[in-house]
Amino acid sequence: MFQRYPQTNGAAQSPSAAPRRKRLATHLSPKQRSGKANIEKILFLIITVWAAACFFFLSENVSDDDAALNKVILKKDGDTIASDAALRRTQQLDKKKKHKESVILRPASSIDAVASALLNLARLSSMELRYIFENDEWKGNFEKKNFKKKDPFRLSDLERGECPFAETMTLDWLPPSLSSDASTLFRHRNDNDNNNNSDAKKRKVAIWYEHLSKAGGTSMCNLANSNMAKSEVPNYYCMPSEPKKIDARVGQWDNNKLKLYIDQNKKYIVSNEWEPFPLERLAMRPDAAAAAENHNDDDDPWLIFVTTIRHPLNRIISAWKFWGQLHFKGEVKPTLAQFIQRREDGARRDFNKPQGLGKGGIKNAGDNFLAMVGRPNFALWKFSGGTMPLPMGNENGLVPWGDIESEWLDSFVTAVKTLCQFDLMIPMELLSTTHETTKDMGVGPLHDVLGWNHFEKSHVVPSGSVVNNNAKESDLTSDQYDVLWDKNRLDMVIYYWSRAVYLTKIHCADSLVVGV
């Protein structure tokens, strides 16, 4: 007999329908149940991979440094996705990005402020400076416990290509912005539309390149030849010539003679190697010229000031290998220590006016035009207008350099203020690494200031081959290296400052306040 099942919602049901459905649901074979489970796992895996791909795609918009923070976190068994954590991290990155975009970096209020900031570094001991900038081990009798290692430039971060300044601030060591008027005219001097620009037609603009011996001068002149018309560049290492003088020693000219040379010869780069920088040249800056009395606003040439600065000790090693070895004409080549001492002795004998500066050009110079190339604090001698003194002697020899601040203070401040008025202060080691080109378009300060796009010849040597000039790997003993570092301590401050200024203008460009 059949059992009658109660009707539901007034509809009749087959007596066997419900049991049959139940049997189908509960009496699947093991193989069937396993297949169903596999299908569910495959579906879950597809959903998981799809979700992970979505999060990965979104994370592509995050900077490389922070991308790791936005990775999708999967549980160990792969069952769930920590979407809440990923969302929180995305929000953190967005907040960080907005914060970075809101950071404003201001340069120092004046060049006096820059000089004051660098004086604080110049007053540190050599050991303290080496500990900060070169990560040297602390040694000697200096007291370490109260010294905090703090690099005001954040140079290690800048060297990695980062802008390390996360808060709006004034960088009291960063020179104030300069007028770009001369740069604009120079970059567009040959444009066709300048035919309608009366200022561009009348006013000539030239590069004054202050050449520190063995600090990239040949490379810089080769770049000029690659980016300027041949007729615009003096033939002999960018140095002006005169009859019977292949190098007319432009550092000894007055401004009027230089203006006449630029106007008549249409040479738009001049290089000064042997003389210290003539401070009167700064009067040929656009802002200085505009402020001067009785200037001819339409006709007087303007100058763009450029220099390259090298690690001081490596520059000295290079000078020794070039003049003390490769081009030394004596029978017995001097050792590195002998070369350094001879150069310092020569500088001491020749420290007069004009200082180390042959009166009639190289061929018939009555003095030693190489006298200063190996002297201590060569860069400061250059940019102080030749006033940076040598250490004073006493009955026991030379006093430790830098112990008597009154000896170097005024010259140091003058040199810093001079460099603050240079349009480009390029660390030589970065000359060939920070202006890569893409589709023949220059990138970086050389392009921005000079409009140069071709950098294939950014590292060349005047003669011989490229050699290792690292002072730490030289023939100097540890004690000799320490003495040489100490004697050039003030140049070291200038060198590391120049690196910080150059890299900050590259890596923090989006945050820097520009304009005069």
Side-chain angles (χ1 to χ4, degrees), residues 106-116 118 173-189 197-211 240 250-263 267-272 275-309 379-380 382-388 410-426 445 448-451 494 497-498 501 505 513-516:
R106 298 182 181 86
S109 58
S110 66
I111 60 177
D112 290 311
V114 178
S116 177
L118 294 191
W173 47 265
L174 188 67
S177 300
L178 299 171
S179 168
S180 61
D181 292 348
S183 171
T184 300
L185 288 182
F186 183 84
R187 286 186 289 111
H188 299 289
R189 67 191 182 282
N197 186 330
S198 60
D199 197 34
K201 284 180 10 180
K202 293 180 180 179
R203 190 186 305 283
K204 295 179 175 63
V205 179
I207 300 168
W208 177 280
Y209 175 63
E210 191 62 29
H211 180 181
V250 68
Q252 298 181 31
W253 295 3
D254 62 24
N255 285 357
N256 289 329
K257 183 174 181 178
L258 178 60
K259 292 174 184 178
L260 190 63
Y261 173 83
I262 295 171
D263 280 332
K267 301 295 185 183
Y268 300 131
I269 180 171
V270 295
S271 176
N272 173 48
E275 282 77 21
F277 175 72
L279 300 179
E280 68 177 285
R281 290 292 182 272
L282 294 174
M284 293 179 68
R285 284 198 50 79
D287 43 5
E293 295 182 2
N294 301 321
H295 72 283
N296 188 329
D297 192 46
D298 290 332
D299 298 331
D300 280 356
W302 283 344
L303 292 180
I304 298 173
F305 293 94
V306 180
T307 191
T308 47
I309 297 180
L380 284 171
K382 265 279 196 178
F383 295 106
S384 67
T387 64
M388 189 68 185
D410 290 343
S411 297
F412 180 87
V413 170
T414 298
V416 171
K417 290 183 177 182
T418 299
L419 284 167
C420 284
Q421 298 175 75
F422 267 58
D423 299 270
L424 280 174
M425 177 173 55
I426 309 171
D448 296 341
V449 176
L450 304 178
I494 296 298
W497 169 58
S498 75
V501 170
K505 290 182 178 180
V513 175
V514 295
V516 182

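Counting from 1, the numbers follow the sequence of the chain as shown. Just so you know, these numbers come straight off a predicted model, no measurement behind them.
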Who pairs with Asp410 by side-chain contact (heavy atoms from CB on, under 4.5 Å), at least two apart in sequence or on another chain?
none
Going by the rule salt bridge (charged side-chain N to carboxylate O under 4.0 Å, His left out), which residues pair with Lys259 if we only count those two or more places apart in sequence or in a different chain?
Asp300
Nearest heavy-atom approach of Arg187 to Asp448 is NE-O, 3.1 Å
Distance, nearest 0.5 Å, that separates CG of Leu118 from CH2 of Trp173:
10.0 Å
From CD (Glu210) to CG (Leu419), nearest 0.5 Å:
9.5 Å
Atom of Gly385, atom of Pro276 and distance for their closest heavy-atom approach
C-CB, 3.7 Å
Residue set satisfying ring pair (Phe, Tyr, Trp, His ring centres under 6.0 Å) with Tyr261, at least two apart, ordered chain then number -> Trp253
Between Lys382 and the options Ile309, Ile494, Thr418, Asn272, the side-chain contact (heavy atoms from CB on, under 4.5 Å) test singles out Asn272
Might you point out which heavy atoms bring Pro175 and Pro107 nearest each other, and give the distance in Å?
O-CB, 3.4 Å
side-chain contact (heavy atoms from CB on, under 4.5 Å) against Ser109, all qualifying residues, sequence neighbours excluded:
Ala113
Between OH of Tyr268 and CD1 of Ile262, what distance do you get to the nearest 0.5 Å?
8.5 Å
By ring pair (Phe, Tyr, Trp, His ring centres under 6.0 Å), Tyr209 pairs with (sequence neighbours left out) His211
Residues in side-chain contact (heavy atoms from CB on, under 4.5 Å) with Leu260, at least two apart?
Gln264
Counterpart residues, salt bridge (charged side-chain N to carboxylate O under 4.0 Å, His left out), relative to Asp181 (two or more places apart)
none
Closest heavy-atom contact between Val250 and Ser271?
CG1-O, 3.4 Å
Going from CD1 on Ile304 to OG1 on Thr184, what distance comes out if it is rounded to the nearest 0.5 angstrom?
8.5 Å
For Thr307, side chain to side chain donor-acceptor pair (under 3.5 Å) partners two or more places apart
none
Return the set of residues passing salt bridge (charged side-chain N to carboxylate O under 4.0 Å, His left out) with Lys417 (not counting sequence neighbours), or none when no residue passes.
Asp112
Heavy-atom closest contact (Trp208 atom, Arg281 atom, distance)
CZ3-NE, 3.0 Å
Exam field: side chain Asp423 to backbone Phe305, donor-acceptor pair closer than 3.5 Å
yes
Looking only at atom types and distance, does a side-chain atom of Asn255 sit under 3.5 Å from a main-chain N or O of Glu280, one as donor and one as acceptor?
yes
Quick one: OG on Ser183 to CG on Leu424, what's the gap to the nearest 0.5 Å?
8.0 Å
Please identify each residue that fulfils side-chain contact (heavy atoms from CB on, under 4.5 Å) with Ser116, with sequence neighbours left out.
none
Give a yes or no answer on whether the side chain of Ser384 reaches the backbone of Thr387 with a donor-acceptor pair at less than 3.5 Å.
yes
Residues two or more places apart in sequence or in another chain: which of them pass side chain to side chain donor-acceptor pair (under 3.5 Å) with Ser498?
none
Would you find a donor on one side and an acceptor on the other, under 3.5 Å apart, between the side chain of Arg285 and the backbone of Ala182?
no
What residues, two or more places apart in sequence or in another chain, satisfy side chain to side chain donor-acceptor pair (under 3.5 Å) together with Trp497?
none
Minimum heavy-atom separation for Phe383 and Leu279, please, with both atom names.
O-CD2, 3.9 Å
Does Phe422 form a side chain to side chain contact (heavy atoms under 4.5 Å, CB included) with Leu178? I'd like the steps, not just the answer.
CA-CA 8 Å; Phe422 267 58; Leu178 299 171; 6.0 Å; no
